[in-house]
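Before any comments, here is the structure.
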Amino acid sequence: MEASYRLSKYVNKVFHWARVTVSADVAEQDSITVAEDVFALRGYPPGVEVDAMRSEAVDGVRYALGKLPQGGPRYEVTVIQIEDAPADTGPGDVKLAAAQATWAALQFLPTEPPSFDHSGPVFPD
C-alpha cells in the first residue's frame, strides 16, 4: 500500500508546505525505514536540514502507528519520498505529512488528527 500526503496550509499568515510518500506492508512487528533516495526529487546532499526532515518523517510514521487500534495488524512502513519548500516548510510540517501519508496508506482515519495552533502543528497524545 502506497500513499502520499501534501500539506499545503496557511495558519496565522504563515504558509506550511511538505509532501511525504510512504509504502506500508503488513509485518510481524512495526518497523520504519527511510529509503536511501528519499530526497531524489530535491537533489539534497547530506546535511543538517535533511537529517532533521528524515527524523521528522520517522517521528510522523511512529506517531501514526501509535494511533492505530491496539491488537490490530503490525506494519513495515518505508518513507520513500520527502519534499519540502525551504521557505515554507517549518518544524513539524514533515512529521504531520508523514503521519497523514501513513494513515492514508493504511486507510485509517484518526479520531483526533493533528491540528495547528499559532506556532505550528499540534499532535494530540
Partners meeting side-chain hydrogen bond (donor to acceptor under 3.5 Å, both in side chains) with T33 (sequence neighbours left out): T78
CG-CH2 distance between L109 and W103, expressed to the nearest 0.5 angstrom: 10.0 Å
Residues K9, F15; criterion side-chain contact (heavy atoms from CB on, under 4.5 Å); working and verdict: CA-CA 6 Å; K9 184 175 188 85; F15 193 62; 5.8 Å; no
Intermediate values then yes/no, side-chain contact (heavy atoms from CB on, under 4.5 Å), L106 and M1: CA-CA 7 Å; L106 302 177; M1 302 166 277; 4.1 Å; yes
Pairs meeting criterion salt bridge (charged side-chain N to carboxylate O under 4.0 Å, His left out) with involvement of residues 65-76, two or more places apart: D30-R74
Considering all heavy atoms, the nearest A101-S4 contact: CB-C, 4.2 Å
Joint hydrophobic cluster, V77 plus F108, side-chain heavy atoms closer than 4.5 Å: yes
Contact list for residues 101-125, test salt bridge (charged side-chain N to carboxylate O under 4.0 Å, His left out), sequence neighbours left out: none
Minimum heavy-atom distance between A3 and A105, given as atom pair plus value: CB-N, 3.4 Å
Listed partners of F123 passing ring pair (Phe, Tyr, Trp, His ring centres under 6.0 Å), at least two apart: Y63
Pairs satisfying side chain to side chain donor-acceptor pair (under 3.5 Å), at least one member in residues 82-94, at least two apart: H16-D93, R42-D84, Y44-D84, Q81-E83
Closest heavy-atom pair and its distance - W17, A85: CE3-N, 3.9 Å
Heavy-atom side-chain proximity of R62 to I32 below 4.5 angstrom: yes
Test item: I80 and V22 side chains (from C-beta on) under 4.5 Å apart, heavy atoms: no
Nearest heavy atoms of P121 and P91, plus distance in Å: CD-O, 3.6 Å
Heavy-atom side-chain proximity of Y75 to T102 below 4.5 angstrom: no
Heavy-atom check, side chain of K95 versus side chain of P114, under 4.5 Å: no
Residue pair A64 / A99: nearest heavy atoms and the distance that separates them: CB-O, 3.6 Å
Results of side-chain hydrogen bond (donor to acceptor under 3.5 Å, both in side chains) for S115 - residues two or more places apart only: none
Heavy-atom closest pair, residues A98 and A57: CB-O, 3.4 Å
